[in-house]
Amino acid sequence: MVASRKYLSDFVQDRIVETDKVKVHCQDKFWRSGKRDDLIPVAEYYEEQARSKFTLVPPATVITEISTERIYDAIVRDCFPIFMKITDYRKVFKEDFCKFIDKWLVYDEDKFATINDFIKTLDYDKILEDFKKVKSIQDLYNINEEKVLNTFEKE
């Protein structure tokens, strides 16, 4: 994490408690027991993501922006992105996907002390069932470039 993203480092420290079921992985860093200098290769990051049910999708460079690539990477691995409530995903995704995100995947730090507490309330199977009904992203698994690009454009 670069210095300009210290807010994210602070957020992770304050809001995620590592346990046997909850691990903190970053694409270029693996934070283990407060130690933040163990490198993790990108391929290993993706393997960990594929084994996970949920992943925190931190804001991009600007705190209100999102990284669509990170979201897409998670979705194609059946790993649902969890958004911080400050993140503005509405200007990127179509309305049906935004409604799905609103219903299931927005972590509200005013309601839950930690991400762990929020995740405990989530039912992965119900979320997956709802996810399959979101028309604007149904074709993502076909990995058709035009369909993928259409997913990430406002109507």
Side-chain angles (χ1 to χ4, degrees), residues 1-2 5 7-9 11-12 15-32 38-109 112 114-154:
M1 296 295 189
V2 295
R5 299 191 76 200
Y7 70 88
L8 186 55
S9 174
F11 180 89
V12 169
R15 301 295 179 156
I16 299 178
V17 180
E18 280 197 310
T19 65
D20 289 341
K21 289 187 175 186
V22 177
K23 298 294 178 193
V24 179
H25 298 276
C26 296
Q27 188 165 345
D28 56 354
K29 298 278 185 184
F30 177 46
W31 298 357
R32 201 180 278 126
D38 299 329
L39 293 178
I40 178 172
V42 172
E44 186 178 335
Y45 170 83
Y46 289 142
E47 288 173 17
E48 292 292 339
Q49 191 178 58
R51 287 194 286 267
S52 301
K53 293 181 178 180
F54 302 101
T55 185
L56 177 66
V57 178
T61 308
V62 177
I63 195 167
T64 58
E65 301 294 323
I66 61 170
S67 169
T68 54
E69 180 181 352
R70 189 179 300 258
I71 295 164
Y72 177 74
D73 288 343
I75 288 172
V76 297
R77 292 175 178 83
D78 293 330
C79 179
F80 290 107
I82 294 175
F83 298 86
M84 295 165 61
K85 73 178 185 178
I86 195 167
T87 309
D88 187 7
Y89 50 85
R90 293 197 167 283
K91 63 182 174 183
V92 177
F93 298 113
K94 292 185 176 179
E95 187 58 29
D96 62 342
F97 190 41
C98 290
K99 286 180 181 178
F100 170 80
I101 292 169
D102 290 340
K103 180 178 180 181
W104 294 109
L105 302 174
V106 178
Y107 168 66
D108 184 342
E109 60 267 24
F112 299 95
T114 67
I115 296 270
N116 307 50
D117 295 337
F118 174 65
I119 290 173
K120 287 176 188 174
T121 70
L122 300 178
D123 183 327
Y124 181 82
D125 293 330
K126 284 184 181 178
I127 294 171
L128 184 59
E129 185 179 317
D130 260 10
F131 176 74
K132 290 178 179 177
K133 296 174 186 173
V134 179
K135 185 163 177 36
S136 70
I137 55 177
Q138 287 174 351
D139 294 321
L140 278 179
Y141 293 96
N142 295 330
I143 313 300
N144 174 299
E145 184 178 353
E146 182 180 336
K147 290 176 183 176
V148 169
L149 291 175
N150 287 338
T151 298
F152 296 105
E153 292 177 4
K154 277 267 298 158

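Numbering of residues begins at 1 and proceeds along the displayed sequence.
- Of all the heavy atoms in Asp78 and Tyr124, the pair that sits closest is O-OH, 2.6 Å.
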Steps toward side-chain contact (heavy atoms from CB on, under 4.5 Å) verdict (Thr121, Phe112): CA-CA 10 Å; Thr121 70; Phe112 299 95; 3.7 Å; yes
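- Classification of the Phe93-Phe97 ring pair by plane angle, with boundaries at 30° and 60°, yields perpendicular.
- Here the CG-OH distance, from Asn116 to Tyr107, works out to 8.5 Å after rounding to the nearest 0.5 Å.
- Nearest heavy-atom pair across Ser52 and Cys79 is O-CB, 3.5 Å.
- Ring planes of Phe80 and Phe54: tilted class, angle from 30 to 60°.
- For the residue pair Gln49 and Thr55, the shortest heavy atom distance occurs at NE2-CG2, 4.1 Å.
- Taking the side chain as every heavy atom from C-beta outward, Phe100 and Ile127 approach each other to under 4.5 Å.
- Between Lys99 atom NZ and Lys94 atom NZ the span is 14.0 Å, to the nearest 0.5 Å.
- Between Lys133 and Asp96 there is no side-chain heavy-atom pair separated by less than 4.5 Å.
- Taking CD of Glu129 as the start and CG of Asp123 as the end, the distance is 9.0 Å to the nearest 0.5 Å.
- Looking at Glu48 and Arg51, a side-chain N of the basic residue comes within less than 4.0 Å of a carboxylate O on the acidic one, giving a salt bridge.
- No side-chain heavy atom of Val57 sits less than 4.5 Å from a side-chain heavy atom of Leu105.
- Atom NZ of Lys85 has more than 12 neighbouring heavy atoms from other residues, nucleotides or ligands inside a 6.0 Å radius.
- Between Lys126 and Trp104 there is a side-chain heavy-atom pair separated by less than 4.5 Å.
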side-chain contact (heavy atoms from CB on, under 4.5 Å) for Ile119 and Ile82? Distances and angles first, verdict last. CA-CA 9 Å; Ile119 290 173; Ile82 294 175; 3.7 Å; yes
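- Within the 4.5 Å cutoff, side-chain heavy atoms of Ile101 are placed close to those of Phe83.
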